[in-house]
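A quick note: this is a predicted structure, and the numbers were derived from the prediction, not measured. Counting convention: from 1, in listed order, for ligands and their atoms alike.
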Amino acid sequence: MAEELFIKETTNKAEKYKSLYPQIKSLIEDEKNVIANLANIAAALKQTFHFLWCGFYLVENDELVLGPFQGPIACTRIGFGKGVCGTAWKEKKTIIVPDVDKFPGHIACSSLTGSEIVTPVFQNGEVKMVLDIDSVELDQFDEIDQKYLEQIANLLNQ
Ligand code: SME
């Protein structure tokens, strides 16, 4: 397992994701402990992109419960269909929010958040967790983030 990330020095985020993806893959492929893997994925994303917050909420009965993350403290439980995370769970798809103040029901864990992306992780067609990323900038996420974050989410889809 690599103990250091090597990320291309570029402002092109697709290039960054492309260099990050195989490293995340090798970081988690020999480790069976899910919490350890989620913790390292959150750290790798934070280290690469310096997001305000990135981490996981895990489905537990009818709620999402806070899992491994990097960033400021966050709310611990989110209901089905609530906030951006609960909506991504309910709709079973990635949700991109260019301006969180314009998303009805957005749950503000930090007043610094400007935009957000939430990608579900599936197991047998059901959402088992979501990957949530917050940026201080408005309009920070697009289909490039969606594509690569869904690829990373798929690594956990087993
Ligand atoms: N903003 C999220 C809540 C989680 S925090 O961003 C870490 C939401 O609306 O679901």
Side-chain angles (χ1 to χ4, degrees), residues 5 7 13-14 16-17 20-21 23-25 27-28 31 33-158:
L5 285 179
I7 303 301
K13 68 179 168 184
K16 282 194 174 181
Y17 278 116
L20 180 62
Y21 177 80
Q23 296 182 75
I24 287 184
K25 191 166 186 282
L27 200 54
I28 70 172
E31 177 53 62
N33 186 286
V34 176
I35 298 299
N37 287 337
L38 300 184
N40 258 342
I41 292 172
L45 287 168
K46 174 83 171 177
Q47 207 178 318
T48 303
F49 294 104
H50 313 291
F51 296 125
L52 171 65
W53 196 96
C54 55
F56 294 88
Y57 280 91
L58 282 63
V59 171
E60 200 179 290
N61 304 316
D62 58 350
E63 287 179 317
L64 291 166
V65 181
L66 183 63
F69 70 95
Q70 295 268 318
I73 57 167
C75 56
T76 51
R77 287 173 189 268
I78 298 173
F80 183 70
K82 303 291 182 194
V84 188
C85 292
T87 303
W89 176 17
K90 186 176 174 185
E91 296 187 3
K92 293 185 168 182
K93 62 172 198 192
T94 294
I95 309 268
I96 295 173
V97 181
D99 180 349
V100 295
D101 288 340
K102 297 196 174 122
F103 186 93
H106 169 257
I107 300 164
C109 290
S110 165
S111 59
L112 295 174
T113 303
S115 55
E116 180 163 359
I117 183 168
V118 180
T119 297
V121 177
F122 295 95
Q123 185 168 39
N124 302 324
E126 295 302 320
V127 176
K128 64 173 175 178
M129 62 182 84
V130 299
L131 168 58
D132 178 18
I133 303 182
D134 292 1
S135 168
V136 292
E137 309 287 342
L138 291 171
D139 205 9
Q140 198 58 202
F141 303 106
D142 56 23
E143 65 287 346
I144 295 172
D145 301 277
Q146 176 169 355
K147 174 180 166 186
Y148 290 102
L149 293 173
E150 287 177 356
Q151 281 182 8
I152 292 168
N154 279 337
L155 290 172
L156 296 162
N157 182 356
Q158 51 212 337

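- You'll find the side chain of K82 stays beyond 4.5 Å of the side chain of K90, heavy atoms only.
- Within the structure, the ring pair (Phe, Tyr, Trp, His ring centres under 6.0 Å) test picks out the following pairs touching residues 84-106 (sequence neighbours left out): F80-W89.
- Enumerated by chain and number, the residues approaching ligand 1 to less than 4.0 Å through a heavy atom are W53, Y57, A74, I78, G83, V84, C85, H106, I107, C109, E116, D132, D134.
- Partners of E150 by side-chain contact (heavy atoms from CB on, under 4.5 Å), not counting sequence neighbours, listed by chain and number: T94, T119, Q146.
- For the pair Y148 and K13, the minimum side-chain heavy-atom distance is 4.5 Å or more.
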Please list every donor-acceptor pair under 3.5 Å in which a side-chain atom of residues 49-57 meets a protein atom from a residue at least two apart or in another chain.
unit_1: W53; atom_1: NE1; unit_2: P72; atom_2: O; d: 2.9
unit_1: Y57; atom_1: OH; unit_2: C75; atom_2: O; d: 2.8

Side chain to side chain contact (heavy atoms under 4.5 Å, CB included) between I117 and I95, worked out: CA-CA 6 Å; I117 183 168; I95 309 268; over 6 Å; no
